[in-house]
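Predicted, not measured: the structure shown is a model, and the values here were computed from it. Naming convention: chains lettered A, B, ... in sequence-line order (proteins, then strands); numbering from 1 in each chain.
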Protein chains: 2
Amino acid sequence: MAATMQDVARRAGVSVKTVSNVVNGYPHIRPATRDRVLTAIAELDYQINLTARNLRTGRTGIIGLAVPELSLPYFAELADSVIEAAESEGLTVIIEQHGGRREREVEILTGSRRHLTDGLIYSPLALGPGDERLLDVPYPLVLLGERIFHGPVDHVTMRNTDAARAATEYLLGLGRRRIAAVGVHPGEEVGSAALRLDGYRAALDAAGVRPDPALEGEAGLWHRRTGAEAMAEVLDRGARPDAVFAFNDALALGAMHELQVRGLRVPEDVAVVGFDAIDEGRYSNPTLTTVDPGREEIARTAVRLLHGRTRGAAGEPQRVAPPFGILVGGSTEPGRERSASEP
Amino acid sequence: MAATMQDVARRAGVSVKTVSNVVNGYPHIRPATRDRVLTAIAELDYQINLTARNLRTGRTGIIGLAVPELSLPYFAELADSVIEAAESEGLTVIIEQHGGRREREVEILTGSRRHLTDGLIYSPLALGPGDERLLDVPYPLVLLGERIFHGPVDHVTMRNTDAARAATEYLLGLGRRRIAAVGVHPGEEVGSAALRLDGYRAALDAAGVRPDPALEGEAGLWHRRTGAEAMAEVLDRGARPDAVFAFNDALALGAMHELQVRGLRVPEDVAVVGFDAIDEGRYSNPTLTTVDPGREEIARTAVRLLHGRTRGAAGEPQRVAPPFGILVGGSTEPGRERSASEP
DNA sequence: TTGTATGCGTTATCAA
DNA sequence: TTGATAACGCATACAA
């Protein structure tokens, strides 16, 4: 079958150790020897057996990426970026979906699949305060998102509160006063939902606008569908928003859909702002105003931190939060386009 | 560090063989022995080392999934479904992105990463006729898509021509006569683009409508952006379509965006049909009429076929093409909604 | 029903 | 600069 190092060694008239040295780019090899080995490798069409190397070295070159689901466009784009970043560092990615189910989230941390990976980039939804000890795992872990803050691990996060506040202030600046929040998780004290709600309320407060609970729409998982449902709930309740701040773009697009189905004009009657800057929002009708949380940088940073740890980098857990920006589209300012040009 | 079978065996007072038997569910074990072993496993917090097992058995329980990129919503949803299906068969998935670059597509087939996987679900874009021999690989391979037809491997495909024809006939049935095609790959003889173009032309032909080259918009990669660009090209050329059949939903949404930016009404002035039935099209404004190609079934079938082959299933290469359907939305019939209810 | 011994293909130790 | 040889942790003939 497939050739082994033994075969190559025999053919090149050297020892397996020498073949190994060549394959791994060990510098002190006589050029003639190296050539003989490379020739033999080419002739036999040899490829290294990664499984054997993994067993011997205890490392696999694979990292895990755990997300809620790839059908959520933000996580699909994040996975794209993570795979890209990993590739450029010579790493392979295994994606696991937990769907926000606590049991799956725990299983991912402790399951035997972790023996297959050198480390994990972990974006939980169900885990929260009190679960810090679950993060005390015997392998490198980089946390994404805002569910757990004082875990013993590196953490790449978004500037949720600041960004949410900025988004809300932007709407206030447009003269909107009855701003709905879509994606609220009642009773939650940490997590993106809580932090974004904080930012939203802080902005209202600073502007002297009284928060109205009737304008807060709940949504567990942040899908288009749940965004539409939350929007419907707010409207059915009789609240009359003149703007919506949705906690992510999928929610925003679902909410916008619901508004339009009901004959409300976006942005004239209701302005809509999302969060995530997914590509979809550049082509929606109208295009979506959104917070750009720095997804690319989040992915690159997470991979870099994790890779460093897998190679033994010591030191205090890092906490990184890339800068954010607001991308303005037609969902808040009539006729404003965002398609081709910007980031 | 982590406990090994040796440790468990010592603690339980049995041999490693017995531990192995217990771990692997071998039936003929005395209950008392099994209990001792399970207790020892629990006490030591033992987990099997998958790398060692992989080396020993020559199988990894991992399958590869190669797609253009996860940022394309169809492939994100496909990956979701594949991971789900794999999970339910006890398999893990490694995703590789090739971006439609031929060099990457070849590398994926032959690279050393294949030693890490038991088989590959492979959806190429650049490979085509003449590349059949590249598919003659020493591991199980399931082909997705329409680039290569007579390869020596299992093949799960869409009913491209029939579905494209049905979509076009549907537009003709609405009275549209100047139907643009968006996503054309000029000169291509196989591939989704060619097959869908065939179906489109066949429908026109059968209806006695003369095909107009000015109505055919090129798009290499099928993104929202390229859809918008192709649509712009067609319009700038002076063609005056009353409908668009886009070869996938991303193109369709991009094209619809371009139409709307130019002040054309969808569907009144121009009706739009896509292909793929991604979730996004249920919430666009208007909602998107599209071909449902049976993504879930494609994913399940591909995983099932591959898993079978990895376990030694012999026999002729299979060719499977799930049935398709047309989902009608507001992009072709005013006021028609498709959100919550249907598949 | 359970134990012993061997090898999967690689890297690491040490010596030459 | 290179070679001989011992692990890495598990599964499996074969033996008991």
Side-chain angles (χ1 to χ4, degrees), chain A residues 1-38 40-41 44-62 112-118 138-139 311-312, chain B residues 1-38 40-41 44-62 112-118 138-139 311-312:
Chain A
M1 316 286 295
T4 73
M5 269 193 181
Q6 278 294 352
D7 304 327
V8 175
R10 239 191 314 272
R11 178 146 196 143
V14 301
S15 77
V16 279
K17 175 58 166 116
T18 302
V19 177
S20 174
N21 282 340
V22 170
V23 168
N24 292 293
Y26 181 73
H28 304 295
I29 302 177
R30 219 179 313 148
T33 312
R34 181 198 309 278
D35 285 348
R36 278 220 310 289
V37 171
L38 291 177
I41 286 178
L44 292 175
D45 211 11
Y46 167 76
Q47 286 192 325
I48 193 155
N49 182 322
L50 292 178
T51 303
R53 169 187 280 174
N54 295 347
L55 176 58
R56 181 58 233 215
T57 62
R59 306 182 56 237
T60 63
I62 309 179
S112 66
R113 208 167 276 178
R114 290 285 71 74
H115 285 286
L116 235 41
T117 57
D118 295 338
Y139 52 83
R311 288 178 304 187
Chain B
M1 313 291 296
T4 72
M5 270 194 181
Q6 278 293 354
D7 303 327
V8 175
R10 238 190 315 271
R11 178 146 196 143
V14 300
S15 76
V16 278
K17 170 65 163 118
T18 303
V19 178
S20 175
N21 282 340
V22 170
V23 167
N24 293 295
Y26 181 73
H28 305 295
I29 304 177
R30 218 181 311 149
T33 312
R34 180 200 310 279
D35 284 350
R36 279 219 310 288
V37 171
L38 289 177
I41 286 178
L44 293 175
D45 212 11
Y46 168 77
Q47 286 192 326
I48 194 159
N49 182 320
L50 292 178
T51 302
R53 170 188 278 175
N54 295 346
L55 177 57
R56 179 58 231 226
T57 61
R59 307 183 54 237
T60 63
I62 309 178
S112 66
R113 207 167 276 179
R114 291 285 71 76
H115 285 287
L116 236 41
T117 57
D118 294 338
Y139 52 82
R311 288 178 305 187

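- Note: CG (Asn21(B)) to C1' (dA13(D)) measures 13 Å, nearest angstrom.
- Asp7(B) places its CG atom 13 Å from the C1' atom of dC8(D), with the value rounded to the nearest Å.
- Which of dC8(C), dG3(C), dT11(C) sits closest to the side chain of Val14(B) comes down to dG3(C).
- In this entry the distance linking CZ of Arg34(B) with P of dT1(C) reads 10 Å, nearest Å.
- As rounded to whole Å, 15 Å separates atom C1' of dT2(D) from atom CE of Met5(A).
- Among the nucleotides dT4(C), dT11(C), dA4(D), the one closest to any side-chain atom of Ser15(A) is dA4(D).
- One atom, CD1 of Ile48(A), and another, P of dT11(C), lie 4 Å apart when rounded to the nearest Å.
- Of the candidates dT2(D), dT12(D), dG9(D), dG9(D) carries the atom nearest the Leu55(A) side chain, counting heavy atoms from C-beta on.
- Atom CD of Gln47(B) is separated from atom CZ of Arg113(A) by 12.5 Å, given to the nearest 0.5 angstrom.
- Remark: the backbone N or O of Ala32(A) is not paired with any side-chain donor or acceptor of Asp35(A) at under 3.5 angstrom.
- Closest contact between the side chain of Ala52(A) and the listed nucleotides dG9(C), dA11(D), dA4(D) involves dG9(C).
- The distance between atom CD of Gln6(A) and atom C1' of dA4(D), rounded to the nearest whole Å, is 11 Å.
- Checked against Leu116(B) for a side-chain contact (heavy atoms from CB on, under 4.5 Å), the options Asn54(A), Asn49(A), Thr60(A) give a single hit: Asn54(A).
- Under 3.5 Å, the side chain of Arg56(A) and the base of dA12(C) form no donor-acceptor pair of N or O atoms.
- Between atom OG1 of residue Thr4(B) and atom CG of residue Asp7(B) there is a gap of 3.5 Å, rounded to the nearest 0.5 Å.
- Ser20(B) contributes no side-chain N or O that, together with a main-chain N or O of Val16(B), makes up a donor-acceptor pair within less than 3.5 Å.
- Per the geometry, CZ belonging to Arg53(A) stands 10 Å off P belonging to dA12(C), to the nearest Å.
- Rounded to an integer number of Å, the gap from His28(A) NE2 to dG3(D) C1' is 17 Å.
- Closest to the Thr4(A) side chain, of the nucleotides dT10(C), dA11(D), dT2(C), is dT10(C).
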